[in-house]
Number of protein chains: 2
Amino acid sequence: MEQAGEELMERRSGVALWRQVADRIRLGISNGTLGDGSKLPPEITLSQQFGVNRHTVRAAISALVQEGVLRAEQGRGTFIESRKRLSYPITTRTRFSTGLKDQTRARRVALLRHTIEPASGRVAEALRLEPGAPVLRLETVSEADGRCVSCGTSWFDATRFPAFADVFAETESVTASFARFGVDDYVRRSTLVSARHADADDLDHLKLSPGAIVLVTIAINDDLEGRPIQFSQTHFSADLVELAIET
Amino acid sequence: MEQAGEELMERRSGVALWRQVADRIRLGISNGTLGDGSKLPPEITLSQQFGVNRHTVRAAISALVQEGVLRAEQGRGTFIESRKRLSYPITTRTRFSTGLKDQTRARRVALLRHTIEPASGRVAEALRLEPGAPVLRLETVSEADGRCVSCGTSWFDATRFPAFADVFAETESVTASFARFGVDDYVRRSTLVSARHADADDLDHLKLSPGAIVLVTIAINDDLEGRPIQFSQTHFSADLVELAIET
DNA sequence: AAGGATTTGTACGTATGTATG
DNA sequence: ACATACATACGTACAAATCCT
């Protein structure tokens with residue numbers, strides 16, 4: 001079998017070869033075409049398959065180990081640390097959404113930062129406020145079973161919900177915080193879903209390696225009178241999460 | 001203003017600085033935080049903003065010009081050749097979904113392949129058939145304004161919908177084809193959304209370059225009696241499409 | 001129990017690409 | 001266009017852990 005490698009990698013693309021190899025390995029894992037599902041082929045085999053040096057494969061594997069996707073054991077092989085993707089429900093009635101409750105043991109939401117700022121055009125439009133009106137901006141990271149699954153920024157009308165950040169820090173839940181302000185129920189008005197490469201902030205917050213993908217949701221929640229109360233942009237680690245649309 | 005750059009670029013990440021800058025410019029364009037929407041700030045300003053050398057910004061811009069995202073004019077500036085992302089609606093009532101109709105001039109769906117095959121476990125479960133029952137598998141690519149936006153595979157009960165493929169080839173529409181079989185309306189029962197790197201087939205069908213991202217939807221449609229009639233997996237080019245969830 | 005085969009980990013040297021000034 | 005510094009990619013060799021006969 002003198003079958004030379006496939007030469008599918010791009011050499012002067014601004015993306016290092018080892019990163020491209022890492023992406024291919026991630027892909028091979030997610031669609032099950034690489035290895036037997038639990039163990040990766042040896043480095044030599046991979047390097048021939050991808051037409052690169054073994055060191056390049058090693059750099060790729062090392063990044064994926066760092067990320068928790070793989071586990072390497074000297075003399076034995078490289079193994080896939082697979083966990084099922086968490087299914088994050090997107091429902092109309094946010095209140096009745098159990099979120100990830102049933103699928104994880106430990107779920108935590110950390111409050112990264114909160115500031116009062118004047119509403120930018122986009123935020124003002126979403127919350128139906130005057131541009132420049134004071135809004136609370138709340139940045140959070142949520143993790144499940146010790147893995148960072150999403151990071152997000154939300155904006156609230158600072159006049160209607162004073163000291164919302166303190167309440168949130170205590171309850172660790174937007175729903176519970178709204179309840180303190182007399183908003184017992186609210187609905188998801190609109191949701192946009194897109195996907196892109198993780199940016200520097202995502203890499204930091206979600207502990208990803210470059211080239212990783214995030215699912216981006218941009219959503220507006222209304223109270224039951226139809227007034228917008230929350231505008232949010234959330235980035236989910238695409239390797240860990242899928243969105244379940246419940247229509 | 002001695003405000004030094006933000007140092008947000010990562011230096012040892014396997015992604016060349018100029019490519020990271022290119023990605024940030026693309027992001028800045030898509031959310032409108034860069035320039036005035038049609039013209040980019042001068043290279044010097046950008047290099048200060050990103051904390052990199054002007055040469056690096058120039059490399060980034062040159063790549064984006066190559067890609068058709070920007071247009072540089074000597075002495076005048078760098079301009080944005082942007083098209084908005086297509087917004088693909090995900091609604092309960094598929095029938096009333098206008099799809100991309102309002103957003104594009106020319107929308108075409110090409111039938112790539114169709115075969116009758118025994119239902120695999122996953123397909124059988126989704127369509128509530130016996131495993132091995134004959135199902136029609138239909139592979140399509142759809143393009144809008146000359147750009148390939150999605151490719152997908154759908155499965156239908158071959159017994160209930162004989163010669164569905166021929167009808168589809170004629171009508172180029174699943175909804176219209178169902179109507180020929182007396183199914184005038186149907187609903188989207190469940191939709192899973194995830195994201196991953198494009199695989200070899202995606203690159204081929206959607207004319208993407210390696211490293212590109214696809215949004216993956218896995219959906220089941222029911223007729224009005226609640227019987228599943230279509231199981232589909234669709235890959236959208238994430239650079240061109242966002243999904244608008246209408247709950 | 002011993003030894004060879006397999007597989008991951010480490011070290012060096014060289015050439016090319018990338019980023020800055 | 002040039003010079004410098006660092007990152008990336010390849011090649012080779014060998015060490016360390018594990019597996020199999």
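Atoms considered below: every heavy atom in the structure, side chains included; atoms not considered: hydrogens, waters and symmetry mates. Below, chains carry the letters A, B, ... as their sequence lines are ordered, and counting in each starts from 1.
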Looking only at D:dG11, C:dT8, C:dA19, the nucleotide nearest the A:Glu43 side chain is C:dT8
Going 5' to 3' through nucleotides 14-21 of chain D and flagging B where a protein heavy-atom sits under 4.0 Å of the base, S where only the sugar-phosphate is that close, and - otherwise, we get --BBSS--
query: Between B:Thr217 and B:Thr191, is any side-chain donor less than 3.5 angstrom from a side-chain acceptor?
result: no
From CZ of A:Phe50 across to C1' of D:dC10 the rounded distance in Å is 17 Å
If you go through the side-chain atoms of B:His55, does one of them form a donor-acceptor pair with the base of C:dT18 closer than 3.5 Å?
no
Salt bridge (Lys or Arg N to Asp or Glu O under 4.0 Å) filter on A:Arg19, not counting sequence neighbours, yields A:Asp23
It should be established whether A:Thr78 places a side-chain nitrogen or oxygen under 4.0 Å from OP1 or OP2 of nucleotide C:dT7. no
B:Arg19 CZ to C:dG17 P, in whole Å, measures 17 Å
Here the distance between atom P of C:dT6 and atom NZ of A:Lys39, to the nearest Å, is 12 Å
With sequence neighbours left out, the residues meeting side-chain contact (heavy atoms from CB on, under 4.5 Å) with A:Ser30 are A:Leu27, A:Arg85, B:Arg196
**Asked** Can you find a side chain N or O atom of A:Asn53 that sits less than 4.0 Å from OP1 or OP2 on D:dA9?
**Response** no
With sequence neighbours left out, the residues meeting salt bridge (Lys or Arg N to Asp or Glu O under 4.0 Å) with A:Arg76 are A:Glu73
The Watson-Crick or G-U wobble partner of C:dG17, with both key distances under 3.5 Å, is D:dC6
Contacts of A:His235 meeting side chain to side chain donor-acceptor pair (under 3.5 Å) (sequence neighbours excluded), chain-then-number -> A:Asp202, A:Gln233
To the nearest angstrom, the CG-C1' distance between A:Leu46 and C:dT7 comes to 12 Å
Quick note, B:Trp18 side chain, CB onward, closest among C:dT18, C:dG21, C:dT10 is C:dT18
ring-ring contact (aromatic ring centres under 6.0 Å, His included) filter on A:Phe156, not counting sequence neighbours, yields A:Phe164, A:Phe178
Side-chain atoms of A:Arg58 come closest, of C:dT8, D:dC10, D:dT8, to C:dT8
| request: Output yes when A:Glu67 and A:Lys207 qualify as a salt bridge under the 4.0 Å nitrogen-oxygen rule, no when they do not. | output: no
Here the distance between atom C1' of C:dG17 and atom CG of B:Leu17, to the nearest Å, is 13 Å
